[in-house]
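These notes are about the structure you will find just below.
In this text the structure is predicted, and so the values were computed from the model without any measurement.
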Amino acid sequence: MTTRAERRGGAPVGYLEDIGTVEANAVMYMRLWCSGPEAQAAVWKDFAEAFGGREGAEHMRSFEALMTMLVQHARRPLMRHSVSCRCLGADECAFAHLVGAAMDGDLEQAAMMAALIVRPDAATTIAYQTEKVGISLAQITRRDSMVSLDTEKATHAATCVRH
């Protein structure tokens with residue numbers, strides 16, 4: 001049984017289209033990464049297409065390191081909606097704002113956002129790691145190699161993950 005506190009991280013707080021494109025892509029990549037090996041391969045492919053093989057692998061390793069750190073240092077299981085859901089969960093929203101602040105170089109704000117989903121002692125380290133990832137995601141977005149945000153077919157009731 002899932003506790004109320006755990007469900008809180010999955011509570012819908014908005015929609016992907018309400019946040020910036022880079023941040024929405026970050027949420028989509030997080031969802032894909034958490035969906036298993038096949039979806040992770042799709043993330044790898046996007047990074048390779050955007051940056052080329054060698055450079056893409058470097059950017060991807062930074063993303064993998066960030067995801068590993070988030071999972072290892074999370075205060076509770078990281079909650080997410082399904083890949084096709086247009087809703088934005090509370091943890092996903094915190095992650096999106098973490099990416100946005102870090103990408104903009106506001107590492108103090110990024111660390112505060114990280115502390116919403118990870119232990120406080122890991123928040124600063126995660127903010128620094130997120131800065132690299134945010135810059136990579138901004139470059140992918142500029143190169144028009146974005147994750148497809150096909151929200152037309154998604155419906156909240158049919159696709160949201162409930163934990």
Side-chain angles (χ1 to χ4, degrees), residues 9 12-74 78-118 122-154 159 161:
V13 296
Y15 296 96
L16 285 171
E17 59 265 17
D18 294 339
I19 59 177
T21 306
V22 175
E23 291 88 343
N25 283 339
V27 169
M28 293 302 294
Y29 282 126
M30 179 187 74
R31 287 177 178 180
L32 285 166
W33 189 257
C34 293
S35 295
E38 287 183 25
Q40 289 173 8
V43 177
W44 269 96
K45 183 177 182 253
D46 278 1
F47 275 76
E49 287 177 1
F51 298 108
R54 185 175 298 152
E55 187 180 351
E58 289 177 31
H59 290 277
M60 189 61 204
R61 280 192 288 278
S62 289
F63 179 77
E64 282 182 321
L66 173 61
M67 295 310 300
T68 299
M69 290 166 57
L70 286 172
V71 170
Q72 287 177 343
H73 300 289
L78 188 62
M79 301 300 285
R80 62 182 167 70
H81 288 238
S82 70
V83 173
S84 61
C85 186
R86 63 183 261 218
C87 292
L88 185 64
D91 285 352
E92 295 170 332
C93 184
F95 180 68
H97 287 288
L98 163 63
V99 170
M103 178 181 62
D104 291 341
D106 189 351
L107 297 178
E108 185 176 324
Q109 180 71 21
M112 285 184 10
M113 297 311 298
L116 294 173
I117 52 180
V118 300
T124 301
T125 303
I126 287 172
Y128 280 104
Q129 183 66 31
T130 306
E131 182 178 31
K132 291 185 235 176
V133 171
I135 291 167
S136 296
L137 294 174
Q139 291 172 334
I140 289 174
T141 301
R142 280 195 298 270
R143 294 179 193 207
D144 294 326
S145 297
M146 300 182 309
V147 171
S148 173
L149 296 178
D150 186 7
T151 58
E152 298 294 326
K153 298 177 188 170
T159 61
V161 173

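In this structure, Leu78 CG and Trp33 CH2 are separated by 14.0 Å, a value rounded to the nearest 0.5 Å. To the nearest 0.5 Å, atoms CD1 (Ile117) and SG (Cys93) are separated by 10.5 Å. The structure places OG1 of Thr141 at 8.5 Å from CD of Glu23, a figure rounded to the nearest 0.5 Å. Once rounded to the nearest 0.5 Å, the distance linking CE of Met60 with CG of Asp46 reads 9.5 Å.
Of all the heavy atoms in Val99 and Ala26, the pair that sits closest is CG2-CB, 3.8 Å. Considering every non-hydrogen atom in both Ala123 and Ala111, the closest pair reads CB-O, 3.4 Å. Met79 and Asp91 make their closest contact through N-OD2, 2.9 Å (heavy atoms, listed as atom of the first residue, atom of the second, distance). The minimum heavy-atom distance between Ile19 and Ala96, with the atom names listed, is CD1-CB, 3.8 Å.
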Please tabulate, one pair per line, all N/O donor-acceptor pairs under 3.5 Å involving side-chain atoms of residues 126-135, not counting sequence neighbours.
residue : atom : partner : partner atom : Å
Gln129  : NE2  : Ser62   : O            : 2.9
Thr130  : OG1  : Ile126  : O            : 2.6

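At a threshold of 4.5 Å between non-hydrogen side-chain atoms, the residues Asn25 and Ile140 do not count as touching. The side-chain heavy atoms of Glu92 and His81, taken from C-beta on, include a pair separated by under 4.5 Å. Residues Glu58 and Ser136 are not in side-chain contact: their nearest non-hydrogen atoms beyond the backbone lie 4.5 Å or more apart. The shortest side-chain heavy-atom distance between Gln40 and Leu32 does not fall under the 4.5 Å cut-off. Glu108 places none of its side-chain heavy atoms less than 4.5 Å from the side chain of Thr124. In this structure the side chain of Leu16 reaches within 4.5 angstrom of the side chain of Met28, judged on heavy atoms.
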**Check against side-chain contact (heavy atoms from CB on, under 4.5 Å), Phe47 and Leu137** = CA-CA 9 Å; Phe47 275 76; Leu137 294 174; 4.1 Å; yes
**Message:** What verdict does the side-chain contact (heavy atoms from CB on, under 4.5 Å) test give for His97 and Gln109, after you've listed the backbone C-alpha separation in whole Å, the side-chain angles of each residue and the deciding distance to 0.1 Å?
**Reply:** CA-CA 9 Å; His97 287 288; Gln109 180 71 21; over 6 Å; no
**Item:** Met30/Met67 under side-chain contact (heavy atoms from CB on, under 4.5 Å): CA gap, chis, key distance, verdict
**Value:** CA-CA 7 Å; Met30 179 187 74; Met67 295 310 300; 3.4 Å; yes
**Request:** Go through the steps for Phe63 and Trp44 under the test side-chain contact (heavy atoms from CB on, under 4.5 Å), then give the verdict.
**Result:** CA-CA 10 Å; Phe63 179 77; Trp44 269 96; over 6 Å; no
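With Arg31 contributing its side chain and Cys85 its backbone, the two residues share a donor-acceptor pair below 3.5 Å. Asp18 places a side-chain N or O within donor-acceptor distance of the main-chain N or O of Tyr15, the cut-off being under 3.5 Å. In this structure, the side chain of Arg80 engages the main chain of Cys34 through a donor-acceptor pair within 3.5 Å. Although no hydrogens or angles enter the test, the distance criterion places no donor-acceptor pair under 3.5 Å between the side chain of Asp106 and the main chain of Ala101.
Using a cutoff of 4.0 Å between basic side-chain nitrogens and carboxylate oxygens, Glu49 and Lys45 are scored as salt-bridged.
Aromatic pair Phe95/Tyr29: ring centres not closer than 6.0 Å.
By the ring pair (Phe, Tyr, Trp, His ring centres under 6.0 Å) test, His73 is found to be paired with no residue, residues two or more places apart in sequence or in another chain being considered. Remark: Glu55 engages His59 in a side chain to side chain donor-acceptor pair (under 3.5 Å) (not counting sequence neighbours).
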